Visitor: 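This is the structure I have questions about; it appears just below.
Keep in mind it's a predicted model, so treat the numbers as computed, not measured.
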Amino acid sequence: MEELEARKQNTVPRFVWGMNPEKASLTEQEYHSFHDTVPVVRMTERTTHPIREIAGFKTCPGHCLQNGAFELWGGVNFTIQSQHATYVELVLFERHAEAPFAVLPFPDDYRIGNVYSMIVFGLDIEDFEYAYRMDGPYDPEKGLLFDRKNLLLDPYARAVAGQSDWGTRPLSGFDYRARVTKTGFDWRGVHRPQIPMNDLIIYEAHVRGFTRDPSSNVSNPGTFDGLMEKIPYLKELGVNAVELMPIFEFDEMNAMRVHDGNLLLDYWGYNPVCFFAPNTAYSAHKEFTNVGDELRRLIRQLHRNNMEVILDVVFNHTAEGNEDGSIFSLKGVDNIYYMLAPDGSYYNFSGCGNTVNCNHPIVQQLILDCLRYWVVEYQVDGFRFDLASILGRNEDGTPMNKPPLLERLAFDPILADVKLIAEAWDAGGLYQVGSFPSREKRWSEWNGKYRDDMRCFLKGDSGMATLATYRILGSPDLYHPEIRGDGASVNFLTCHDGFTLADLFAYNVKHNEANGWDNTDGENNNNSWNCGVEGETDNQDIKNLRRRMQKNAIAVLMCSRGTPMILAGDEFGNSQFGNNNAYCQDNEISWLDWNLLEKNSDLFEFFRYMIHFRREHPILRKHTEPARSRFPEYSLHAKEPWDANYQEDTRVIGVAFAGRNEADTEDDIIYIGINSHWDAHTIRLPELPGRMQWHLAVNTNGAHPDDCYAPKDMPKIYNGVFTMPPRTVIIAQAKIV
């Protein structure tokens, strides 16, 4: 009875929408009911901890098994962990207020191990923002940077406050704060498409740059909603996966500077502030506690149109920088999150000042929790890991044979059907294309060797013929199918980092002067070719050659085994004017110019044709049942059939694929011929069995619409002999006549 009376004296303010929390309280019966229906706080009722008032709020020990802050029926649970902190306090602000309205220290008995957890009753999540302050040892040589004056952003925050207006954050006196978000988005029965990896056609896009230019003609340019308005366009093009450049909350003002009168920002977003929070500046509407719903609507609509969503995620570094950088989250929470040299300085394998200590057990858990969160709460279909080789480095920076983080991601049950794509290199010189640690055939890789080798061959370099055939066949020299499966290679010729496809054949060298580093930034070895004149030209012959080179590139990409990826805007000739490192250009350099879609409609139609052609011929994507005609699954040729004895000067190759069509009614035999030489060459295609005859599907030397043919209009290649013009790709299809 004494215990019951004591509980009655500690009634807890009840949270009711639209009601002042101080005017409501829980009865003893309601209090028991509350704990019986909300398992995460049932432990409070069963322990001897009383309800305790702190800073005017009723509190009790929280649910320490779930990091971050989340809403309960009667309040909000706050959980954060720190190995070295000696004191932690929760700081509450009214929205946009400079000074806190409450500071709640965590009592000692609200801590279990290194985890601090507290339920604060009576909080309305619409009305407050929160941060933490911590105290502990200060020893920079050991990476210990505790300072009770620093406001610290929750590493597990689901939303970051004060970031919703692009490019307008105060330049001084700014502290990151978090918000609590609602859950329970209605997916309306729409499920993830679950498209096999080798059936994907990935379209890499920047959320802001995709529709920011007025030429996009969308209602909400530069936002998730703006991208959603373009889904019919993406569907017309034929892609079935959108890879979004970083949408984690990042600070575009982090390295703000002015050069030649132009404001330069951290435009790309590879400088994360918080791993769990979507970038609110990409939302067309102020969402407050519904942060993320606009992104969820975009994902739901893409899934409804049978398109997957892959997020480009950055776990290799953060915006806190090195020892001279700011302290706003992980640095102030603990010294375990970054790789530290013996003197307390920061290892920099990312090229951005610090390196996340990915294989520390606590950091492993943070990354795993994060990826699970995006899959469960946002229905994301896959992840592309920026500078993924860092994920395989030990705590001292050395590469590991079986990195525990990569093992955990490969075997995690929540991530079991999610695509995992590695950018298999880092800025510290670790290059693992073809050797990235992979278990259970779970990891795919951005195939940088496909990009480099195919660029060299297509522009006519000598000694590249054999490597080009390997790349077209799916790079079996890098990814043995029995070990890595059929989906290991993500093939690309262009991506956000480097030249666009139009610039690849318009510039011999980079032109990054607008970035403000005297053209010293960006890659120097681009394997590009300007076709005779640097930059823009009025010479029609050069313009025709450049168009043909672009068509050559997409034709070969779509006929290569592996998963193709194209860069947004390449399909209509978008240019960055020779800038191959436009990370800071929030302007016409990086924004897609949609006027080019009409101007270069022939290029768009060719892209669309090739994407459709790939879908219609599964033998280009994967192994099928063997051809009934006993034509081999793949074969290599030169100017003469079955001749794969390539010499140093060989610039004419042919690759044939053969198998059954999807209906299993007839053989599907496709021949890709490439002449990267500056002279014409006559080739003879391999003889076909029975009544089959070669028909021309694609000839990149032809002027639109004679560069590609519908099946009923494909002209015959008589006697299998064809004279290939200079720098031309043909695709032939075997048909029964």
Side-chain angles (χ1 to χ4, degrees), residues 68 156-159 181 183-197 199-207 210 223-225 227-228 231 234 239-250 269-270 272 274-280 282-283 287 290-315 366-386 388 391 405-406 408-423 442-444 446 487 490 496 563 565 568:
Y156 279 77
R158 270 48 170 182
T181 61
T183 57
F185 180 79
D186 184 4
W187 290 95
R188 299 181 182 175
V190 178
H191 301 290
R192 294 194 286 124
Q194 298 288 319
I195 303 170
M197 189 70 191
D199 289 341
L200 287 185
I201 297 170
I202 300 174
Y203 187 84
E204 189 197 28
H206 186 280
V207 171
F210 190 59
T223 66
F224 296 126
D225 270 4
L227 198 156
M228 186 160 60
I231 290 178
L234 296 174
V239 298
N240 58 8
V242 178
E243 183 174 304
L244 299 179
M245 289 172 65
I247 56 89
F248 287 178
E249 193 67 82
F250 64 90
Y270 289 94
C274 185
F275 299 129
F276 289 80
N279 189 342
T280 51
Y282 286 167
S283 296
E287 296 178 300
N290 294 313
V291 165
D293 279 2
E294 188 173 317
L295 173 58
R296 290 183 179 96
R297 288 194 297 272
L298 168 63
I299 294 173
R300 182 177 65 191
Q301 192 64 14
L302 286 166
H303 286 173
R304 186 175 279 138
N305 285 274
N306 200 41
M307 296 183 208
E308 295 198 339
V309 177
I310 298 168
L311 297 187
D312 193 338
V313 294
V314 186
F315 292 114
L366 171 77
I367 294 172
L368 185 60
D369 288 345
C370 178
L371 298 176
R372 286 177 160 187
Y373 174 76
W374 286 101
V375 171
V376 172
E377 293 295 331
Y378 287 85
Q379 298 292 295
V380 166
D381 303 280
F383 301 96
R384 177 265 186 189
F385 294 81
D386 182 63
L391 276 63
L405 174 61
L406 301 184
R408 294 184 70 179
L409 298 184
F411 287 97
D412 185 74
I414 295 292
L415 306 179
D417 57 5
V418 169
K419 278 82 175 176
L420 303 176
I421 304 171
E423 182 185 37
R442 285 288 289 121
W443 283 89
S444 303
W446 268 24
V490 175
H496 70 274
T563 301
M565 183 186 76

Visitor: Please work out which of the three classes, parallel, tilted or perpendicular, describes the rings of Phe250 and Tyr282, given edges at 30° and 60°.
Guide: perpendicular
Visitor: Rounded to the nearest 0.5 Å, what's the gap from CG on Leu311 to CG on Leu295? Could you check?
Guide: 7.0 Å
Visitor: Locate the shortest heavy-atom distance separating Ala410 from Trp443; write the atom from each residue and the value.
Guide: CB-NE1, 4.3 Å
Visitor: Can you check whether Pro246's main-chain N or O pairs, donor with acceptor, with Asn279's side chain at less than 3.5 Å?
Guide: no
Visitor: Measure the CD1-CE distance between Ile202 and Met307 for me, rounded to the nearest 0.5 Å.
Guide: 14.0 Å
Visitor: Under the side chain to side chain contact (heavy atoms under 4.5 Å, CB included) criterion, do Phe224 and Ile247 qualify, and how do the steps go?
Guide: CA-CA 10 Å; Phe224 296 126; Ile247 56 89; 4.0 Å; yes
Visitor: Find out whether Phe275 and Asp369 are in side-chain contact, i.e. whether some heavy atom of one side chain is under 4.5 Å from a heavy atom of the other.
Guide: no
Visitor: Below 4.5 Å, heavy atoms only, C-beta onward: do Tyr203 and Phe210 meet side chain to side chain?
Guide: yes
Visitor: Would you give the length of the straight line joining atom CG of Asp312 to atom NE2 of His206, rounded to the nearest 0.5 angstrom?
Guide: 10.0 Å
Visitor: So, do Leu406 and Leu420 sit near enough that their side-chain heavy atoms are less than 4.5 Å apart?
Guide: no
Visitor: How long is the span from the CD atom in Glu249 to the CZ atom in Arg158, to the nearest 0.5 Å?
Guide: 14.5 Å
Visitor: Could you tell me whether the side chain of Arg192 reaches within less than 4.5 Å of the side chain of Val418, counting heavy atoms only?
Guide: yes
Visitor: If you look at every heavy atom in Glu287 and Glu294, which pair is closest and at what distance?
Guide: OE2-N, 2.7 Å
Visitor: Assign the ring pair Phe383 / Phe385 to parallel, tilted or perpendicular, where the plane angle (0 to 90°) is split at 30° and 60°.
Guide: tilted
Visitor: What distance separates Phe315 CZ from Leu371 CG, expressed to the nearest 0.5 Å?
Guide: 4.5 Å
Visitor: Please identify which of these residues, Phe248, Tyr373, Trp374, meets the ring-ring contact (aromatic ring centres under 6.0 Å, His included) condition with Phe276.
Guide: Tyr373
Visitor: Between Arg384 and Trp446 (side chain of the first, backbone of the second, donor and acceptor by atom type, cut-off under 3.5 Å), is there such a pair?
Guide: no
Visitor: As an exercise, state the distance from CD of Gln379 to CG of Leu302, rounded to the nearest 0.5 Å.
Guide: 13.0 Å
Visitor: Under 4.5 Å between any side-chain heavy atoms of Met565 and Leu200, yes or no?
Guide: no
Visitor: I'd like to know if the side chain of Arg296 and the backbone of Glu377 have a donor-acceptor N/O pair within less than 3.5 Å.
Guide: yes
Visitor: Mind checking whether Asp381 and Ile195 have side chains closer than 4.5 Å, heavy atoms only?
Guide: no
Visitor: Report the C-alpha separation of Leu298 and Ile231 in whole Å, then their side-chain angles, then the decisive distance to 0.1 Å, and conclude whether the side chain to side chain contact (heavy atoms under 4.5 Å, CB included) test is met.
Guide: CA-CA 9 Å; Leu298 168 63; Ile231 290 178; 4.3 Å; yes
